[in-house]
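Remember, it's 1-based here, ligands and their atoms both numbered in the order they're listed. All of these numbers come straight from a predicted model, not from anything done at the bench.
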Amino acid sequence: MAKDRTEPEGNEELCPFSEQENGDCTVSITVVGASGELAKKKIFPALFSLYYEDFLPKNFVVFGYARTKMSDDELRNMIRETLTCRIDTRLIDARTCRENCQDMNHKMDEFLKRCFYHSGQYNSEEHFVELDSKLKEKEAGKVAHRLFYLSIPPNIFMDVVRCASLKAPSIKGRTRVIVEKPFGVDSESAGKLTRGLKQYLAEDQIYRIDHYLGKELVENLLVLRFSNLVFEPLWSRNYIRNVQLIFSEDSGTEGHGRHFDNYGIIRDKMQNHLLQILALFAMEAPLSLDAEDVRNEKVKVLKSMRPLKLEDAVVGQYKGHSKGDKSYPAYTDDPTIPNDSLTPTFAAVAFFIDNARWDGVPFLMKAGKALHTRRAEIRVQFRHVPGNLYKRKLGTDLDETTNELVLRVQPDEAIYLNINNKVPGLGMKLDRTDLNLLYQTRYPREKADAYERLLLDAIEGEGRSFIRSDELDAAWALITPLLKELEEKKVVPELYPYGSRGPVGAHHLAAKHNVRWGDLSGDDS
Ligand SMILES: NC(=O)C1=CN([C@@H]2O[C@H](COP(=O)(O)OP(=O)(O)OC[C@H]3O[C@@H](n4cnc5c(N)ncnc54)[C@H](OP(=O)(O)O)[C@@H]3O)[C@@H](O)[C@H]2O)C=CC1
Ligand SMILES: O=C1O[C@H](COP(=O)(O)O)[C@@H](O)[C@H](O)[C@H]1O
């Protein structure tokens with residue numbers, strides 16, 4: 001029996017698979033682009049983890065679809081051999097325990113019996129008719145929900161959507177399609193993609209995936225805000241001075257830059273992951289946790305934001321750097337990148353939300369490759385404490401002593417609040433310390449991968465963590481003017497050394513808004 005994620009066991013009404021449990025229903029999941037990296041690294045492992053943990057319904061099949069010729073057994077071997085999911089890791093940690101390994105092998109055999117492959121072209125209706133008949137055979141006359149995961153490059157999305165919706169839709173059940181990013185490169189192309197998808201699918205059949213919305217800390221944002229009394233009263237311009245959304249990677253493109261060079265860091269990280277997090281952070285309380293209520297609030301806050309102009313941004317590109325006997329390449333040393341590429345590998349921008357809650361509060365975003373560290377976090381810097389009671393003890397630099405709440409999305413998920421505290425003893429010495437919730441300590445069990453959570457949501461028809469088309473439009477409307485200016489004016493990015501803290505311009509941008517980057521100060525750098 002599939003586990004219920006929402007309620008203690010035994011609550012029949014809320015069980016999302018109750019139909020399947022009585023044997024009437026089945027779910028067919030087709031991974032389109034099954035021969036690709038994402039399918040191997042993320043999608044099949046996530047499906048296996050869900051199966052292993054009993055979250056998949058009783059009746060399901062998984063089909064791989066791609067042009068590469070492969071037999072069912074070859075697909076199964078690929079899945080078995082490339083397994084990199086948390087279950088595998090758990091077993092490596094417990095490798096002395098033979099029972100666990102036997103259990104996993106048994107579960108893997110059972111899972112693979114449900115996996116099949118069909119080779120076909122992405123634009124061939126005939127090949128999708130063949131897929132449909134194979135699906136029907138496995139579905140054996142049950143009401144079948146069909147989920148197509150488009151793990152393919154965007155130029156073939158429309159072919160697949162057309163063929164799948166015309167020739168292989170669910171007849172009595174629901175047809176849903178997970179669409180991978182990129183969702184266009186600007187407002188115009190995103191609008192075109194949406195109009196194309198809507199020729200064949202209704203909005204509630206489209207699941208635009210941004211895997212950051214499946215990350216534990218991001219899912220927790222609304223819980224933190226709306227289930228604790230202590231945060232919400234502080235969550236506004238009255239107490240918050242600025243908010244920082246930071247995404248740094250410590251590696252460059254290293255020979256795989258061709259795809260990135262067409263997009264750049266603003267499209268790759270800001271338009272999607274960081275703006276999505278910002279919307280969840282800043283939105284008003286939704287009427288309910290229903291997908292439409294949550295997404296309505298996200299759209300509202302995105303629409304209240306000022307579109308970016310060149311003066312709100314700094315762009316950078318990493319250059320080569322030597323440290324001891326090790327040397328690190330420049331972005332343009334990557335053989336897949338043109339030597340004269342102006343693509344930003346770093347950007348810092350300042351957003352403002354023109355609504356009553358956030359008027360005047362800078363929301364600074366920073367994302368970059370080849371930086372000194374890898375991290376994704378939200379930093380909330382609060383206002384200074386009024387009055388001078390402890391000023392002599394705290395020092396004159398009030399920025400150093402204001403409260404800061406940090407939500408670290410990765411690595412090592414954590415939520416901590418910097419506070420000032422008296423050092424125990426007879427004197428009156430103050431110390432800066434933090435109230436710290438380190439996930440690894442509090443919740444030591446390994447965490448589900450974002451793809452697991454989002455796949456399960458899509459199977460269950462839960463759209464809350466997927467991007468609706470009006471959200472997408474609103475996000476592109478904020479970013480497109482800046483992208484156009486950068487491209488039209490051929491803005492040359494400021495160079496920064498590989499492994500550094502990014503271009504100096506990012507500090508100037510922050511200083512213009514009276515902000516200091518929290519990740520570069522004190523013991524956090
Ligand atoms: N890899 C990742 O970590 C991430 C990927 N994505 C997105 O997910 C999608 C899939 O990613 P990924 O698996 O890495 O992509 P791949 O480049 O590996 O492509 C997936 C499959 O699509 C087919 N394919 C590739 N190029 C073409 C083409 N030009 N024309 C027709 N078919 C083609 C190939 O299958 P075959 O030749 O067998 O038909 C390939 O195995 C992409 O849209 C990507 O932007 C998003 C986030 C992260
Ligand atoms: O969407 C993307 O995200 C990955 C990083 O994902 P993470 O979960 O490992 O943080 C990034 O490498 C890729 O460039 C980008 O397209």
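Annotation: atom 33 (C) of ligand 1 to nearest protein heavy atom, Arg67 NH2, 3.4 Å. Atom 44 (C) of ligand 1 has Lys181 O, 3.7 Å as its closest protein atom, hydrogens excluded (heavy atom only). Scanning the protein for heavy atoms near atom 20 (C) of ligand 1, the closest one is Ser151 O, 3.4 Å. Closest to atom 26 (N) of ligand 1 among all protein heavy atoms lies Pro153 CG, 3.4 Å. Atom 39 (O) of ligand 1 has its closest protein heavy atom at Tyr122 OH, 2.6 Å. Nearest to atom 35 (O) of ligand 1 among the protein's heavy atoms is Ser35 OG, 2.9 Å. Protein heavy atom in closest approach to atom 29 (N) of ligand 1: Asn155 ND2, 4.4 Å.
When Glu180, His256, Met70 are ranked by how near their heavy atoms come to atom 46 (C) of ligand 1, first place goes to Glu180. For atom 3 (O) of ligand 1, the nearest non-hydrogen atom from the set Lys40, Lys41, Glu37, Gln121 belongs to Lys41. Heavy-atom proximity to atom 12 (P) of ligand 1, evaluated over Leu38, Thr68, Ile209, Asn123, is greatest for Leu38.
A cation-pi contact, defined as under 6.0 Å to the ring centre and within 45° of the axis, links Lys326 to Tyr328.
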Asn123 vs Arg162, side chain to side chain donor-acceptor pair (under 3.5 Å): CA-CA, chis, key distance, verdict
CA-CA 8 Å; Asn123 59 358; Arg162 175 176 51 79; over 6 Å; no
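For Phe466 and Tyr207, the gap between ring centers is short of 6.0 Å. For Tyr52 and Phe111, the gap between ring centers reaches or exceeds 6.0 Å. Taking the six-membered ring for Trp and the full ring otherwise, the centers of Phe247 and Tyr212 sit less than 6.0 Å from each other.
Residues in residues 330-343 take part in no salt bridge (charged side-chain N to carboxylate O under 4.0 Å, His left out) pair, two or more places apart or across chains.
Between Ala39 and ligand 1, no N or O atom pair is found at a separation short of 3.5 Å.
At most 12 non-hydrogen atoms from other residues, nucleotides or ligands lie less than 6.0 angstrom from NZ of Lys303.
For Asp261, the side-chain hydrogen bond (donor to acceptor under 3.5 Å, both in side chains) partners are Tyr331, Ser341, Thr343, not counting sequence neighbours. Every residue meeting the salt bridge (charged side-chain N to carboxylate O under 4.0 Å, His left out) condition with Lys198, not counting sequence neighbours, appears here in chain and number order: Glu203.
Of the heavy atoms in Leu150, none comes closer than 4.0 Å to ligand 1.
Put simply, the residue from Arg374, Arg501, Lys366, Arg408 that forms a salt bridge (charged side-chain N to carboxylate O under 4.0 Å, His left out) with Asp519 is Lys366.
Distance screen at 4.0 Å: atom 15 (O) of ligand 1 has no protein heavy-atom neighbour inside the cut-off.
Here is the list of ligand 1 atoms found below 4.0 Å of a heavy atom in Ile152: 9 (C), 10 (C), 22 (O), 42 (C), 43 (O). Here is the list of ligand 1 atoms found below 4.0 Å of a heavy atom in Pro182: 45 (O).
Using cut-offs of 30° and 60° on the angle between ring planes, the pair Phe48 and Tyr51 is tilted. Using a 30° and 60° split on the angle between ring planes, Tyr451 and His211 fall in the parallel class, below 30°.
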In a simple table, one pair per line, please give the protein and ligand 2 atom names for every N or O pair closer than 3.5 Å, along with the distance.
residue  : atom   : partner : partner atom : Å
ligand 2 : 1 (O)  : Lys181  : NZ           : 3.0
ligand 2 : 1 (O)  : His273  : NE2          : 2.9
ligand 2 : 6 (O)  : His211  : NE2          : 3.1
ligand 2 : 8 (O)  : His211  : NE2          : 2.8
ligand 2 : 8 (O)  : Lys215  : NZ           : 2.6
ligand 2 : 10 (O) : Tyr212  : OH           : 2.4
ligand 2 : 10 (O) : Gln410  : NE2          : 2.7
ligand 2 : 12 (O) : Glu249  : OE2          : 3.3
ligand 2 : 14 (O) : Asp268  : OD2          : 3.0
ligand 2 : 14 (O) : Lys269  : NZ           : 3.4
ligand 2 : 16 (O) : Lys181  : NZ           : 2.7
ligand 2 : 16 (O) : Asp268  : OD1          : 2.9

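Looking at Ser28 and His145, their side chains never come closer than 4.5 Å, going by heavy atoms from C-beta outward.
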